[in-house]
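Data block below; observations after.
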Protein chains: 2
Amino acid sequence: MPYDPSAFPPFAVTVDLVVLTVRRHALCALAVRRGEPPYQGRWALPGGFVRGDEDLSTAAARELAEETGLHAHDPAGPLLPNAAHLEQLATYGDPKRDPRMRVVSVAHLALAPDLPAPRAGGDARSARWAPVEDLLDQEVGYAREDELAAPLAFDHARILADGVERARSKIEYSSLATAFCPQEFTVGELRRVYEAVWGVALDPRNFHRKVTGTPGFLVPTGGTTTRQGGRPAQLFRAGGATLLNPPMLRPEA
Amino acid sequence: MPYDPSAFPPFAVTVDLVVLTVRRHALCALAVRRGEPPYQGRWALPGGFVRGDEDLSTAAARELAEETGLHAHDPAGPLLPNAAHLEQLATYGDPKRDPRMRVVSVAHLALAPDLPAPRAGGDARSARWAPVEDLLDQEVGYAREDELAAPLAFDHARILADGVERARSKIEYSSLATAFCPQEFTVGELRRVYEAVWGVALDPRNFHRKVTGTPGFLVPTGGTTTRQGGRPAQLFRAGGATLLNPPMLRPEA
DNA sequence: CTGTTTATCGTCAGGCAGACGACTATGATC
DNA sequence: GATCATAGTCGTCTGCCTGACGATAAACAG
């Protein structure tokens with residue numbers, strides 16, 4: 001079959017972002033309020049069109065910077081203070097997912113440390129961090145008093161759920177949980193990340209043994225802190241290791 | 001920013017397939033020879049344009065059927081004789097990946113049992129199974145005598161490498177290795193799948209203990225076979241379990 | 001000074017994996 | 001038919017890792 005430009009239909013390609021962070025012991029996602037139809041006034045994931053000369057990862061990094069001020073962490077580059085982990089998640093292309101036209105969305109997953117406040121950028125009237133349970137537990141037809149009564153726009157609930165599941169499984173066998181922490185952190189803070197993402201309680205003693213005993217996971221910086229109260233804790237930075245072998249086991253229940 | 005149809009550039013969206021199987025103790029991928037420019041005469045992954053009313057997974061299943069005669073295995077449906085596992089892999093959208101125009105390709109990964117012969121379908125002059133090492137070890141500028149001298153077209157070497165890595169890691173913690181086997185198979189045949197995909201030798205006794213001791217992984221059919229020579233082996237079908245916990249450990253070296 | 005909180009070190013038992021010996025049941029070869 | 005090669009299956013042993021949990025350490029609040 002020879003090449004024929006009329007043989008394929010045109011698509012719009014967007015990137016949508018699942019930006020996760022841990023705030024007040026809860027896994028939270030960044031949501032923006034839609035300022036125009038369709039789904040006007042509803043919450044949605046941040047995102048936007050891919051430009052004509054842009055790679056997908058570039059577009060995702062640009063949207064991330066526009067919405068949060070974070071820049072994407074280059075795996076090969078140096079550790080930067082305000083950097084987030086960014087990776088491709090999955091692509092969603094149901095013909096009816098956007099009522100306006102045929103849109104294929106390449107969703108990306110970003111993991112960021114706790115930030116002061118989201119900044120509303122681009123086409124969003126407002127932006128906020130919301131616990132993922134609040135964003136996902138929106139039953140259709142279940143009216144609530146607060147502003148989160150409606151479920152997420154488009155298929156964003158599905159995308160968010162996929163991103164959360166990716167994060168939950170990925171911290172099992174990689175050192176990615178450190179992406180939720182500031183540059184220097186304690187073992188207890190890292191443990192609270194796992195507890196928030198998985199929604200379970202972990203034994204502090206076994207957790208401490210596991211993470212300090214895994215070579216390359218944590219590097220002590222020499223300092224200590226008492227910002228959590230109690231006995232001062234050692235400060236660590238993320239080590240060079242990316243894969244955890246053996247993995248951190250997620251409890252059954 | 002109000003909706004403006006001219007605010008985004010049009011893209012072509014394709015699906016590309018990494019179809020893997022195990023033949024003669026080697027992990028092989030399906031490659032088709034390109035019949036037109038660009039990369040005319042070079043080997044490439046099978047794929048094609050997504051139609052205007054088609055979901056991405058539907059397009060991938062259609063291409064898979066066109067190229068191999070296999071249909072995609074419905075995870076919720078019954079076990080079918082000629083079904084392959086199909087899942088989305090990743091999306092590739094470098095602005096220069098196709099010299100003709102802006103193309104975003106949603107790559108999918110398919111795992112299939114050994115088939116009699118590939119059938120050339122659609123726009124491919126010919127199709128063949130090739131060991132993944134042969135397809136990936138094509139150094140640029142390294143001229144060889146045979147027809148595989150040139151590396152894969154477009155960014156397909158990268159896509160194939162990503163698909164192989166996905167398959168290698170996924171058989172660790174899921175029961176997906178059975179997707180490479182016929183409906184009924186022996187423990188030894190399943191072990192040879194792992195050995196081919198990972199490129200290692202596994203201890204037959206420990207492997208047997210592991211797979212028969214994992215609940216839901218294998219169900220005995222009652223029959224035996226001696227098609228591998230030696231003592232007759234029990235035949236099994238894939239059980240209902242999809243996740244292996246604890247996982248099958250891939251040897252270090 | 002006492003209680004509370006968090007961090008950190010130790011101990012012990014059970015589960016699982018790697019190494020490997022032993023035995024079984026076929027077909028091939030002498 | 002005896003022997004051998006091949007593959008499958010069952011057991012044993014040892015070491016590592018995890019989960020459960022006791023104990024100690026170092027801060028702060030009253």
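Below, chain A is the first sequence line, B the second, and so on; all start at residue 1.
Between B:H208 and D:dT9, a side-chain N or O to OP1/OP2 separation shorter than 4.0 Å is present.
Between A:R250 and B:P232, the residue anchored closer to the 5' end of DNA chain D is B:P232, taking for each the nucleotide with the nearest heavy atom. Comparing A:A233 and B:P246 by the nucleotide of DNA chain C that holds the closest heavy atom to each, the one mapping nearer the 5' end is A:A233.
Between A:F207 and A:Y194, the distance separating the two ring centers is shorter than 6.0 angstrom.
Distances were taken from every side-chain heavy atom of B:T226 (C-beta onward) to each of D:dA27, C:dG27, C:dT8; the shortest belongs to C:dG27. Residue A:R231 has its side chain nearest to C:dA7 when only D:dC13, C:dA7, D:dG8 are considered. Counting only heavy atoms from C-beta on, B:R191 has its side chain closest to D:dG8 among C:dT26, D:dG8, C:dT8. Distances were taken from every side-chain heavy atom of B:P204 (C-beta onward) to each of C:dT6, C:dA17, D:dT9; the shortest belongs to D:dT9.
With rounding to whole Å, A:K210 atom NZ is found 18 Å from C:dG10 atom C1'. Across the protein-nucleic acid pair, B:N206 atom CG and C:dC20 atom C1' stand 9 Å apart, rounded to whole Å. One interatomic measurement links the two molecules: CZ of B:F207 to P of D:dG8, which rounds to 11 Å at whole-angstrom precision. Between the C1' atom of C:dA19 and the CG atom of B:L202 lies a distance of 14 Å, rounded to the nearest Å. Summarising the geometry, the separation between CG on A:L190 and C1' on C:dA7 is reported as 14 Å, rounded to the nearest angstrom. Straight-line distance from the CG atom of A:L249 to the C1' atom of C:dG15: 12 Å, rounded to whole Å.
DNA chain C lies under 4.0 Å from no heavy atom of any residue of residues 215-222 of chain B.
Side-chain N/O atoms of B:R205 and base N/O atoms of D:dG11 include no donor-acceptor pair closer than 3.5 Å. One can find a donor-acceptor pair under 3.5 Å joining the base of C:dG18 and the side-chain atoms of B:R209.
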Original post:
Going through the distances and angles, do A:T21 and A:D114 end up as a side chain to side chain donor-acceptor pair (under 3.5 Å)?
Top reply: CA-CA 6 Å; A:T21 195; A:D114 197 1; 4.5 Å; no
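B:R227 comes within 4.0 angstrom of nothing in the nucleic acid, heavy atoms only.
We find that B:R250 and B:E165 are joined by a salt bridge, their nearest charged nitrogen and carboxylate oxygen being less than 4.0 Å apart. Under 4.0 Å is where a charged nitrogen must lie from a carboxylate oxygen, and between A:D162 and A:R166 no such pair does.
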